[in-house]
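Encoded as structure tokens, the structure appears first; notes follow it.
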Amino acid sequence: MGWGGILGFEYGIIQAPLGPDIAGPDLVAAVANAGGLGFLRAPDWESPHYLRELIRKTRSLTDKPFGVGVVLAFPHEKNIQVILDEKVAVLQVYWGECSEELVLKAHQSGVKVVPQVGSLDEANKAIYAGVDAIIVQGREAGGHVISQDALISLLPKVADLVGDRDIPVIAAGGIVDARGYVAALALGAQGVCLGTRFLATQESRAHPTYKRKLVEFDRTEYTDVFGRARWPGAPHRVLHTPFFNDWKSLPPHQNEADQPVIGHSTIHDREIEIRRLAGTVPNVTATGDIESMVMYAGQSVGLIKEILPAGEVVKRLVEEAQLLIKHKFSDILLTHS
């Protein structure tokens with residue numbers, strides 16, 4: 001096990017299950033081959049045969065373990081069964097109850113379970129359900145945000161709650177570089193989970209315009225105007241684009257269902273119409289008015305200056321974090337001792 005490894009992975013660096021249909025086999029395999037833990041994103045509908053193909057395609061690109069992320073707010077029973085049947089290394093779950101039954105069932109198949117939580121209460125439930133690790137999400141995170149607290153205050157509380165149990169705590173939300181990684185370690189995490197940084201990679205399936213905007217813009221906002229009909233009560237953090245600026249004061253009773261179709265996209269095994277204000281980010285197949293589609297991003301997006309290969313992101317995180325710890329922080333200790 002290398003420096004900062006967790007869950008049997010070489011490094012404590014995790015690529016979040018970006019969706020819909022953004023974290024595909026190419027991205028996950030690139031992260032896995034670099035020593036990190038990559039997550040495919042399962043479809044938000046039951047599609048077991050398709051998911052099995054995704055898992056097998058990823059296995060054809062890497063012999064390293066990887067995981068699959070499932071949003072429990074949508075139909076998922078058959079998808080989870082495929083993940084267990086295929087004995088994928090890690091099942092990541094979000095936005096729903098990570099029950100003791102689910103954890104037991106996964107463990108019987110040799111699959112580790114890692115929920116993403118946004119509160120101390122959720123973390124406590126996860127510990128008692130017997131999970132293998134916990135991802136703690138701060139409100140800084142991009143995409144759908146379950147947390148109301150900043151990572152800097154929530155993370156040490158969860159680390160204290162876990163105490164000396166063998167449950168690695170993984171930090172998520174606003175981490176894009178080695179400084180964030182080392183800060184998370186100082187706050188009690190054993191690993192970090194990055195979404196926006198891996199969205200802005202060569203292997204990500206995000207539309208080129210979306211990737212360009214991640215480099216171009218540096219402001220985000222926490223809102224609920226996108227995808228209200230499909231996923232109610234699910235606030236999100238988005239890039240502050242000109243389109244968002246024009247629509248951010250949408251009255252609470254309005255949603256995408258009353259809006260015109262602005263584009264089309266293939267998401268997993270479905271052809272989808274994208275309406276204005278839908279919660280669907282443009283992936284590489286999207287056509288139409290891309291600039292008016294939702295673009296999720298975390299608060300530290302302004303630190304992203306270029307689109308990199310995913311393996312390079314992992315490599316830089318590890319090397320630069322080691323340098324920070326060895327030099328900068330040991331220097332501080334020496335000066336003060």
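Keep in mind it's a predicted model, so treat the numbers as computed, not measured.
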- What pairs with L161 under side chain to side chain contact (heavy atoms under 4.5 Å, CB included), at least two apart in sequence or on another chain? L120, A123, N124, I127
- Between CD of Q254 and CD of E256, what distance do you get to the nearest 0.5 Å? 11.5 Å
- Residue pairs fulfilling salt bridge (charged side-chain N to carboxylate O under 4.0 Å, His left out) with at least one residue in residues 274-289, sequence neighbours excluded: none
- Message: Is any side-chain heavy atom of L194 closer than 4.5 Å to one of Y181?
- Response: no
- Task: Please name the pair of heavy atoms, one in S99 and one in A129, separated by the smallest distance, quoted to 0.1 Å.
- Result: C-CB, 4.1 Å
- Compare all side-chain heavy atoms of H144 with those of Y296 and state whether any distance is below 4.5 angstrom. yes
- Do other residues, nucleotides or ligands put more than 12 heavy atoms under 6.0 Å from R52 CZ? yes
- Query: Are I175 and L151 close enough that some pair of their side-chain heavy atoms sits under 4.5 Å apart?
  - Reply: yes
- Task: Identify the two heavy atoms, one from T241 and one from M295, that lie closest to each other, and give their separation to 0.1 Å.
- Result: CG2-SD, 4.4 Å
Please table the atom pairs, donor to acceptor, closer than 3.5 Å between any side-chain atom in residues 306-315 and protein atoms at least two apart or in another chain.
| unit_1 | atom_1 | unit_2 | atom_2 | d |
| --- | --- | --- | --- | --- |
| E306 | OE2 | R316 | NH1 | 3.4 |
| E312 | OE2 | R316 | NE | 2.9 |

- Message: A quick test of your reading: do over 12 heavy atoms of other residues, nucleotides or ligands sit less than 6.0 Å from NZ of K78?
- Response: no
- Query: Does T196 use its side chain to pair, donor to acceptor, with the backbone of G298 at less than 3.5 Å?
  - Reply: yes
- Query: Is there a donor-acceptor contact under 3.5 Å from the side chain of T223 to the main chain of V225?
  - Reply: yes
- Taking all heavy atoms of A106 and all of V113, pick out the closest pair and write down the distance. CB-CG2, 3.4 Å
- Message: For G118, is there any backbone N or O sitting under 3.5 Å from a side-chain donor or acceptor partner on E122?
- Response: yes
- Query: With R205, which of T285, D26, D21 fulfils side chain to side chain donor-acceptor pair (under 3.5 Å)?
  - Reply: D21
- How long is the gap from CD1 on I274 to CE on M293, to the nearest 0.5 Å? 4.0 Å
- Query: What distance separates H107 NE2 from L102 CG, expressed to the nearest 0.5 Å?
  - Reply: 9.0 Å
- Note on the structure: Heavy-atom closest pair (G67 atom, V88 atom, distance to 0.1 Å) is CA-CG1, 3.7 Å
- Message: Treating N79 as the side-chain partner and W45 as the backbone partner, does any N or O pair qualify as donor plus acceptor under 3.5 Å?
- Response: yes
- Could you tell me whether a side-chain N or O of E320 sits under 3.5 Å from a main-chain N or O of R179, the two making a donor and an acceptor? no
- Task: State whether the number of non-hydrogen atoms from other residues, nucleotides or ligands found under 6.0 Å of D166 atom CG is greater than 12.
- Result: no
- Item | Close side-chain approach of K64 to F9, heavy-atom, < 4.5 Å | no
- Counting N and O atoms only, with roles assigned by atom type, does the side chain of R230 sit under 3.5 Å from a partner on the main chain of G227, one being a donor and the other an acceptor? no
- Is the backbone of E77 close enough, under 3.5 Å, to the side chain of E46 for a donor and an acceptor to pair up by distance? yes
- Would you say V281 and F226 make side-chain contact, with heavy atoms under 4.5 Å? no
- Can you list the other members of the hydrophobic cluster that holds W231, where links are side-chain heavy atoms under 4.5 angstrom apart? V71, F74, Y94, W95, I146
- Message: Treating K211 as the side-chain partner and T201 as the backbone partner, does any N or O pair qualify as donor plus acceptor under 3.5 Å?
- Response: yes
- Message: I'd like to check Y11 versus L317 (side-chain heavy atoms, cut-off strictly below 4.5 Å). Are they in contact?
- Response: no
- CD1 of I55 to CZ of F66: how many Å apart, nearest 0.5 Å? 6.5 Å
- Taking all non-hydrogen atoms of both residues, which atom of I6 and which atom of P168 are closest, and how far apart? CG2-CB, 3.9 Å
- Note on the structure: Students should find that the hydrophobic cluster of L104, defined by side-chain heavy atoms under 4.5 Å apart, otherwise consists of none
- Item | Plane angle bin for F243 and W247 - parallel if under 30°, tilted between 30 and 60°, otherwise perpendicular | parallel
- Considering the options I167, V114, I170, which one meets the side-chain contact (heavy atoms from CB on, under 4.5 Å) requirement together with I134? I167
- Whether Q190 side chain and V169 backbone form a donor-acceptor pair below 3.5 Å: yes
- Show the numbers, then the answer: is there a salt bridge (Lys or Arg N to Asp or Glu O under 4.0 Å) between E291 and K213? CA-CA 9 Å; E291 309 255 338; K213 302 278 177 204; 3.1 Å; yes
- Query: Which atoms form the tightest heavy-atom contact between P235 and G233, and what is the distance?
  - Reply: CD-O, 3.5 Å
- Does P20 reach the side chain of N283, with side-chain heavy atoms less than 4.5 Å apart? no
- Under 3.5 Å: donor-acceptor pair, side chain of S204, backbone of A200: no
- Item | Contact list for residues 123-146, test salt bridge (charged side-chain N to carboxylate O under 4.0 Å, His left out), sequence neighbours left out | D121-K125
- Query: Do L250 and R228 have side-chain heavy atoms sitting under 4.5 Å apart?
  - Reply: yes
